[in-house]
Amino acid sequence: VRYHRASQCRLATPAHGGIMAYGTFIPKRAGREVASDPSVVTIASGETPAGQVQARGGELGAARARRWKSVGLVVVATVAATALYSQTNLVSDNVAEMVDLDDDDPYLTYTDECKYNCGGADMTTPAEVWSSDGVLEHTLKVRKARYHGPLSFNTRSYSKNGFPGPTLFVNPGDKVKLTLQNDLEYPTQADISWTGYEYKLATAFGACEPYSQPNMTSLHLHGMLISPNKKGDSAMRMCGPQEAIEYEFTIPEAHPSGTFFYHPHGDGSHSLQTAGLMAGMVIVNDQSSSASSDDAYDGKMLTTRTGNRVTSAHAEHMDDTLSLLSEVDDVPLLIQFQAIEATFKNYDFLSRCSHSSMPVEQVVYDGASGYDFMLVNGWYKPKATMLKGVFQRWRFVNGASHRYLGFSVPDSCEAYAIASDGVYYDTPRAQSFIALSLGARMDVLIKCSEDVRLESEEPDWYSKNQYDHIFGSDPGFYEHHFMTVNITDTSDFTAADMAKAKASDEIAARIKAGTFATDSGYFGMDLTEGTDAEWAERTPAGGYVATDNMDDAGAAFYNPTLGDGVNTPTEWYTMNHKTYSGRISRRMRLNQLQIWNITHQPETHMGHKKNHNWHLHTHHFQVMYATDDRGNVYTTSPMLDWQSGDWRDTVSVPANGTVWVRFKPTLYYGLL
């Protein structure tokens, strides 16, 4: 709810005739004009809103005012508890009282000088921690840090070397010993010093209610199948200031090789801490795919490490492919996001909401473009290098707190997606557009022949109506240049570069010939057989039978309904119309087929403008298809990030739509 840069507002006319409003105020400033937009509703001081607002189909579209007005004060959206819940129309006196605001933001300092990380710096990759002799042992220290860039601020970090945290490299079968050491200080919360209109607004909304433990933390290994019990991946374990807790677990031998990441997951703190750039990557290294024991060989087929049944020739292709992948550059790319506009999703706002004892002390470089900042490995608009015409493996992780990544592959580049959410595809997929929802990962083979600027954007093959219907307006795609790729010409190749070029050429040949092969899939499972109706017929009455043979147990059906409730401004989202309480809401049987349809069913005008991410801890699920409220069925994601049959742990549920998935809880029991 900031008074500078661009803003969005949502206005809706409820049945009782009052005006429901969500958004931001933008004051006039000398010499700057509000962009012309037919969906912008302006209410000048002294004017009655009822004379300005004209309902269009019961709702008014998003207002995107990208510049300031010249004289006096213009209200793009009026936001107050009385506006939300009053059953009478607003009058001019109310408006005059609500917009009596200070033009200057006391929590933000502008500067015309940017000294570090201002765009165009050479991109680096995070610090690395590798397992040795079957063991990875490391201490993650959570400490106060200051991020420097076009937006500089105090925050919390996993690494003394900067942002993001170190990348952990492990192998299937490794034992992992992590110590989470919280070097933050008490008091977790300071005396309430936040004053002014924003504080009154947040109090009226109850917007700060969820954010209560800014210096408490925990650890979640996103997407990994490891025990959730004892010292495993238990998101319920909390680490207070000046404490340390141990995580100790073994990665299953059959665990997929791929890209994962870690981040905080403490109730009351994780939104603040992830928005404050606390995250790091985990890479499970590729391993030989073919079985080594004689009992796995039946004369025709082999059982791979992850449980796939393949021909011996296919297993050889797998090993050859992995050997080639090990020779090209392997580049981890952790995407994060910051904004200077104080919305309910912004780090500065969350920090003040939680009454954090750590002052943010934001400084923004006034020459930086826009008010959103996408960071790649902690860098703002970095410069990466690539050998001309030589594949690199880019491991994307969308660790952004509130933006999707999406970019069209430039004409001078060629890209193939080979994995998502840490699980290899059966075959490489040519990509014209690369998109990641929140928490998602994608491994991409990409090569370019000339320098390119990568621009994140909305998918341009949808009309505005189609886009709004599928994606809504929130969280939305980041829309700006985020990275430059500079090409090294072949005349400058070293001997090592020539070896990479040779491996790249062989990869291209294998993709064309259909012999690029990986140990794809998830623990050898394929759950696509049978329709839901057929599984319902095979399931005993009541859905439960006391048996150790899961073939006799049929399937368990569940319809999680995601919503927002009437208190959306407080950020309390709902599952089956209930807010999160920490209590067990669903029990599953180990190894029983689960058939779930995850539906987005919001209750408010604002909620209907959103899509919703859904993530399952511990276990991956197999996507069957998605539907929208117009009856359209999608066997390929509108974002081109999954196809029917893919294994995912994170998926975007369309605005007012449903995603149909299946999975089996395997290996571990416990709280997910």
Side-chain angles (χ1 to χ4, degrees), residues 2 105 107-109 111 114-118 126-127 140-166 180-190 193-194 208 210-220 239-242 261-266 268-281 334-365 368 371-380 397-403 438:
R2 185 76 78 206
D105 177 12
Y107 300 99
L108 187 68
T109 300
T111 178
C114 185
K115 297 180 179 180
Y116 179 75
N117 189 18
C118 308
L140 287 169
K141 295 183 179 181
V142 180
R143 60 185 74 185
K144 179 179 178 180
R146 184 164 182 83
Y147 178 79
H148 291 282
L151 175 65
S152 300
F153 54 93
N154 295 331
T155 183
R156 300 152 185 84
S157 172
Y158 283 121
S159 172
K160 65 181 179 180
N161 298 319
F163 302 86
L180 183 64
Q181 181 175 314
N182 188 344
D183 289 341
L184 301 174
E185 298 177 351
Y186 278 114
T188 288
Q189 292 180 300
S193 59
W194 189 12
C208 294
Y211 314 112
S212 57
Q213 301 289 340
N215 286 358
M216 298 286 286
T217 194
S218 67
L219 190 67
H220 170 51
C239 184
Q242 303 301 306
F261 79 119
Y262 60 88
H263 58 81
H265 209 292
S269 64
H270 65 273
S271 294
L272 167 68
Q273 292 175 5
T274 53
L277 308 183
M278 282 182 66
M281 295 178 66
L334 178 55
I335 305 299
Q336 293 172 291
F337 160 81
Q338 264 300 325
I340 63 171
E341 184 183 42
T343 69
F344 296 127
K345 309 149 189 82
N346 164 267
Y347 170 72
D348 173 49
F349 185 88
L350 298 180
S351 182
R352 284 184 274 134
C353 248
S354 67
H355 309 305
S356 171
S357 59
M358 182 190 301
V360 175
E361 297 176 349
Q362 286 190 112
V363 177
V364 63
Y365 171 48
Y371 61 96
D372 281 5
F373 302 92
M374 180 164 281
L375 310 176
V376 184
N377 293 340
W379 294 100
Y380 171 66
V397 173
N398 188 1
S401 58
H402 202 76
R403 284 292 182 273
L438 306 178

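Shortest non-hydrogen contact noted between S157 and A145 is CB-CB, 3.6 Å. Taking both residues in full, the closest heavy atoms of Q362 and F153 are given as CG-CB, 4.1 Å, listed atom of the first, atom of the second, then distance. Between Y158 and S218, the closest heavy-atom pair is OH-O, 4.0 Å. Nearest heavy atom pair, residue S401 against residue A275, reads CB-CA, 3.8 Å. When all heavy atoms of F261 and A279 are compared, the closest pair comes out as CD1-CB, 4.4 Å. Smallest separation of non-hydrogen atoms from P164 and G378: CD-N, 3.9 Å.
In this structure the side chain of P214 reaches within 4.5 angstrom of the side chain of R156, judged on heavy atoms. At least one side-chain heavy atom of R146 sits less than 4.5 Å from a side-chain heavy atom of V363. Residues N215 and Y186 fail the side-chain proximity criterion, which asks for heavy atoms closer than 4.5 Å.
Here M216 pairs with Q213, M238, P241 under the side-chain contact (heavy atoms from CB on, under 4.5 Å) rule; sequence neighbours left out. Checked against side-chain contact (heavy atoms from CB on, under 4.5 Å), T217 has the following partners two or more places apart in sequence or in another chain: V142, L180, N182, C239, P264, Q273, M278. With sequence neighbours excluded, the residues satisfying side chain to side chain donor-acceptor pair (under 3.5 Å) with Q181 are D183. H270 pairs by the side chain to side chain donor-acceptor pair (under 3.5 Å) definition with nothing, not counting sequence neighbours. Applying the side-chain contact (heavy atoms from CB on, under 4.5 Å) criterion to S351, with sequence neighbours excluded, gives L272, S356, V360. By the side chain to side chain donor-acceptor pair (under 3.5 Å) test, H148 pairs with no residue at all, sequence neighbours left out. By the side-chain contact (heavy atoms from CB on, under 4.5 Å) test, C114 pairs with C118, Y365, sequence neighbours left out. Applying the side chain to side chain donor-acceptor pair (under 3.5 Å) criterion to N117, with sequence neighbours excluded, gives Y147.
Annotation: the span from E361 atom CD to S152 atom OG amounts to 11.0 Å, rounded to 0.5 Å. Taken from OG1 in T155 to CE in M358, the straight-line distance is 6.5 Å, to the nearest 0.5 Å. Atom-to-atom distance recorded for M281:CE and N377:CG is 7.5 Å, nearest 0.5 angstrom. In this structure, OH on Y347 lies 7.0 Å from CG on N154, to the nearest 0.5 angstrom.
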**OP:** Please test I335 against L375 for side-chain contact (heavy atoms from CB on, under 4.5 Å), starting from the C-alpha separation and ending with a verdict.
**Re:** CA-CA 6 Å; I335 305 299; L375 310 176; over 6 Å; no

**OP:** Quick one: do Y262 and L140 satisfy side-chain contact (heavy atoms from CB on, under 4.5 Å)? Show the steps, please.
**Re:** CA-CA 11 Å; Y262 60 88; L140 287 169; 3.8 Å; yes

Subject >> side-chain contact (heavy atoms from CB on, under 4.5 Å) between F337 and L438, worked out >> reply: CA-CA 11 Å; F337 160 81; L438 306 178; over 6 Å; no

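The local environment of CD in Q242 is crowded, with over 12 non-hydrogen atoms from other residues, nucleotides or ligands closer than 6.0 Å.
Between H265 and H220, the two ring planes are perpendicular [angle over 60°; tilted spans 30° to 60°].
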